[in-house]
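Just so it is clear, the model here is predicted, and its values are computed rather than measured. Values reported hereafter were calculated over all heavy atoms of this structure, with side chains retained and with hydrogens, waters and symmetry mates removed.
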Amino acid sequence: MADSTQSAEAIVSDVHKKIRAAFEAFDYESNNTVDVREIGTIIYSLGCFPTQANLHDLIAEVEEDHTGYIHLDKFLPAMTKVLLDHKFPCIPEDLLLQAFEVLDKEKKGYLEPEELTKYMTQEGEVFTQEEMDEMLTALADPEKNLVYYKDLISQLTIDPDM
């Protein structure tokens, strides 16, 4: 019984680390608070894809008294429950990798920010340029200004078997 408790605690700890990392990428003032408009991007970055209705419901649950801001203390437990309960469908690592590999026609192992921006602002459910700038700030290698997608996938996905 103690082993399963430790295992469960390790899973929760890992989930908390991933949520914190995603949240902190958008906490520009380092005050454990993000703009409510960032929540969708944060959730997407965790490999989850809620409907707009689900997203609005989660925001209503965690937003600080309609201030337009969300505090990590409210977001962390709500998002942990979402991930552990598989509330929003998560995309497995292998499918994400396949998607990136389709975009990486030359099989370089990375995408340039410009090409990723082109795909993300012109195809499917499009992102705004502002959203892309914020994502690239968090995701691109700061020295080489490239998005190494294999590293990114392992950081952003949650083990589906937990």
Side-chain angles (χ1 to χ4, degrees), residues 7 10-30 32-56 58-59 62 70 72 75-162:
S7 176
I11 290 170
V12 170
S13 175
D14 186 47
V15 168
H16 282 184
K17 284 179 191 168
K18 288 180 189 265
I19 294 169
R20 273 194 186 90
F23 191 92
E24 289 168 0
F26 294 93
D27 181 7
Y28 303 119
E29 296 178 17
S30 299
N32 289 329
T33 305
V34 297
D35 188 301
V36 70
R37 294 171 291 188
E38 308 289 6
I39 292 300
T41 305
I42 293 168
I43 292 171
Y44 300 145
S45 77
L46 290 165
C48 293
F49 300 91
T51 64
Q52 287 299 310
N54 290 143
L55 185 57
H56 289 293
L58 182 67
I59 289 170
V62 298
I70 293 177
L72 180 61
F75 183 72
L76 186 64
M79 195 64 207
T80 300
K81 183 168 176 34
V82 164
L83 293 174
L84 293 177
D85 292 350
H86 306 288
K87 189 172 178 184
F88 304 142
C90 292
I91 297 177
E93 279 188 46
D94 60 330
L95 286 179
L96 282 175
L97 181 59
Q98 286 175 13
F100 276 109
E101 287 174 341
V102 166
L103 301 178
D104 180 15
K105 293 174 182 26
E106 297 171 20
K107 307 287 184 241
K108 303 174 293 204
Y110 62 84
L111 296 171
E112 294 181 21
E114 298 77 25
E115 64 185 320
L116 187 58
T117 297
K118 178 182 164 228
Y119 294 128
M120 302 285 287
T121 59
Q122 297 176 7
E123 305 286 332
E125 191 171 324
V126 298
F127 288 84
T128 66
Q129 185 60 50
E130 181 182 0
E131 289 171 324
M132 284 307 306
D133 291 344
E134 291 170 356
M135 276 193 280
L136 291 171
T137 298
L139 305 179
D141 179 285
E143 292 174 16
K144 297 183 180 174
N145 195 32
L146 300 171
V147 178
Y148 292 95
Y149 54 84
K150 288 181 183 175
D151 296 338
L152 178 64
I153 290 169
S154 64
Q155 291 172 20
L156 298 179
T157 54
I158 304 293
D159 183 354
D161 296 326
M162 58 178 183

message: Determine whether Met79 and Leu58 satisfy the following criterion, side chain to side chain contact (heavy atoms under 4.5 Å, CB included), listing intermediate values before the conclusion.
response: CA-CA 9 Å; Met79 195 64 207; Leu58 182 67; 4.3 Å; yes

- request: For side chain to side chain contact (heavy atoms under 4.5 Å, CB included), just list the numbers for Tyr28 and Glu38, CA-CA rounded to whole Å, side-chain angles, deciding distance to a tenth of an Å, and then say yes or no.
  value: CA-CA 11 Å; Tyr28 303 119; Glu38 308 289 6; 3.8 Å; yes

message: Go through it in stages, so that I can follow the logic: the residues are Asp85 and Lys87, the test is salt bridge (Lys or Arg N to Asp or Glu O under 4.0 Å), and I'd like the CA-CA distance, side-chain angles, deciding distance and then a yes or no.
response: CA-CA 5 Å; Asp85 292 350; Lys87 189 172 178 184; over 6 Å; no

message: side-chain hydrogen bond (donor to acceptor under 3.5 Å, both in side chains), that's the test. Do Gln98 and Asp94 meet it? Break it down for me.
response: CA-CA 6 Å; Gln98 286 175 13; Asp94 60 330; 4.9 Å; no

message: For a side chain to side chain contact (heavy atoms under 4.5 Å, CB included) check, start with the C-alpha distance between Tyr44 and Leu55, then their side-chain angles and the critical distance, and finish with the verdict.
response: CA-CA 10 Å; Tyr44 300 145; Leu55 185 57; 4.2 Å; yes

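Summarising the geometry, atom CD belonging to Glu131 is positioned 9.0 Å from atom CZ belonging to Phe26; distances are rounded to the nearest 0.5 Å. Going from atom CG of Leu146 over to atom CG of Asp151 covers 11.5 Å, rounded to the nearest 0.5 Å. Rounding to the nearest 0.5 angstrom, the gap separating the NZ atom in Lys118 from the CG atom in Leu116 is 11.5 Å. Going from atom CD of Glu134 over to atom CG of Leu139 covers 11.0 Å, rounded to the nearest 0.5 Å. Rounded to the nearest 0.5 Å, atoms NZ (Lys108) and CD (Glu101) are 13.0 Å apart. Expressed to the nearest 0.5 Å, how far NE2 of His16 lies from OG1 of Thr80 amounts to 3.0 Å.
Shown here is Gln122, whose CD atom has more than 12 heavy atoms of other residues, nucleotides or ligands within 6.0 Å. For Glu130, the CD atom counts as loosely surrounded, since its 6.0 Å shell holds 12 or fewer non-hydrogen atoms of other residues, nucleotides or ligands. Residue Lys81 places its NZ atom among 12 or fewer non-hydrogen atoms of other residues, nucleotides or ligands, all under 6.0 Å distant.
Across every non-hydrogen atom of Ala140 and Asn145, the tightest pair is CB-OD1, 3.9 Å. Nearest heavy atoms, Leu136 versus Pro113: CD1-CB, 3.8 Å. Across Phe23 and Thr33, no two heavy atoms sit closer than the pair CE2-N, 3.9 Å. Heavy-atom minimum distance, Ile153 versus Leu96: CD1-C, 3.8 Å. Scanning both residues, Ile11 and Leu84, for their nearest heavy atoms gives CG2-CD2, 4.0 Å. Here the closest heavy-atom approach between residue Phe49 and residue Phe88 is recorded as N-CB, 4.2 Å.
Between the side chain of Glu115 and the backbone N or O of Glu112 there is at least one donor-acceptor pair closer than 3.5 Å. Under the 3.5 Å distance criterion, the side-chain polar atoms of Asp104 are matched with a main-chain donor or acceptor of Gly109. Side-chain atoms of Ser45 come within 3.5 Å of backbone atoms of Ile42 as a donor-acceptor pair (strictly under, hydrogens ignored).
Contact check for Phe75 versus Ile39: side-chain heavy atoms found under the 4.5 Å cut-off. In this structure the side chain of Leu46 never reaches within 4.5 angstrom of the side chain of Val82, judged on heavy atoms.
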